[in-house]
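Structure first, then comments.
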Amino acid sequence: MIRPAAPVPAGRSRQIVVVSRKVTSPLWGLAEAISETLHHDACCTRFDDAVGRGRKRLTPSDVDALRRLVEEDLRLHRAELPGGYRTAYDVISRGLDVPAHVTATGSASVRRTLAHRVRRDRFRSAS
């Protein structure tokens with residue numbers, strides 16, 4: 001389901017895509033913040049620009065790709081980025097990985113792998 005959001009300063013309109021009943025725009029917003037903080041030298045910059053221009057949609061596979069790019073930026077540019085970015089990513093990642101009533105611990109890659117398996121199993125059972 002796609003919902004229009006408030007226009008961005010550059011005049012382009014954003015689209016928020018709901019994946020698994022969770023709004024993925026916080027992840028996209030974090031990717032934009034990382035890109036701007038690193039003066040567009042971040043790994044996620046090209047992906048962020050493509051989403052902003054409407055060339056990419058935030059499908060479940062694209063959300064996973066964006067998550068990997070954001071994780072890579074947080075790892076490679078740890079000294080240059082504020083600590084709040086890592087904390088924000090952890091909160092967003094947990095929200096995308098597991099249902100709201102479950103609390104997960106572990107690294108982001110472990111949570112992402114678990115979430116992928118859960119989605120795959122749900123897809124197989126629905127078929």
- Query: Taking all atoms of both residues into account, what is the closest heavy-atom pair of L69 and C44, and its distance?
  - Reply: CB-CB, 3.9 Å
- Query: Of the non-hydrogen atoms in W28 and L58, which two are nearest, and what is the gap between them?
  - Reply: CB-CD1, 4.4 Å
- Query: Who pairs with T113 by side chain to side chain donor-acceptor pair (under 3.5 Å), at least two apart in sequence or on another chain?
  - Reply: none
- Query: Where do T45 and A42 come nearest, in terms of heavy atoms and distance?
  - Reply: OG1-O, 3.2 Å
- Message: Rounded at 0.5 Å granularity, tell me how far CG in L66 sits from CD in E71.
- Response: 10.0 Å
- Please round to the nearest 0.5 Å and tell me the distance separating atom CZ of R67 and atom CD1 of I92. 10.0 Å
- Task: Identify the heavy atoms of T37 and P82 that sit nearest to each other, and give their distance.
- Result: CG2-CD, 4.4 Å
- Message: salt bridge (Lys or Arg N to Asp or Glu O under 4.0 Å), that's the test. Do D90 and R94 meet it? Break it down for me.
- Response: CA-CA 6 Å; D90 288 340; R94 273 193 198 94; 5.3 Å; no
- Message: Please determine whether a side-chain nitrogen of the Lys or Arg among R68 and D64 lies less than 4.0 Å from a carboxylate oxygen of the Asp or Glu.
- Response: no
- Query: Does CZ belonging to R117 count more than 12 external heavy atoms closer than 6.0 Å?
  - Reply: no
- Item | Under the side chain to side chain donor-acceptor pair (under 3.5 Å) test, residues paired with S61 that sit two or more places apart | T59
- Message: Please report the interatomic distance CD1(I34) to CD(E72), rounded to the nearest 0.5 Å.
- Response: 11.0 Å
- dist Y89:OH -> L74:CG (nearest 0.5 Å) comes out at 7.5 Å
- Can you sort out the partners of D41 under side chain to side chain donor-acceptor pair (under 3.5 Å), two or more places apart, ordered by chain and number? none
- Message: A side-chain contact here means heavy atoms from C-beta on lying under 4.5 Å apart; do Y85 and V70 qualify?
- Response: no
- Message: I need the minimum non-hydrogen distance between D48 and E32, along with the two atoms involved.
- Response: OD1-CG, 2.8 Å
- Item | Stepwise side-chain contact (heavy atoms from CB on, under 4.5 Å) test for E80 and L38 | CA-CA 8 Å; E80 301 162 35; L38 297 175; 3.2 Å; yes
- Shortest non-hydrogen contact between C43 and D73, atoms and distance: N-OD1, 2.6 Å
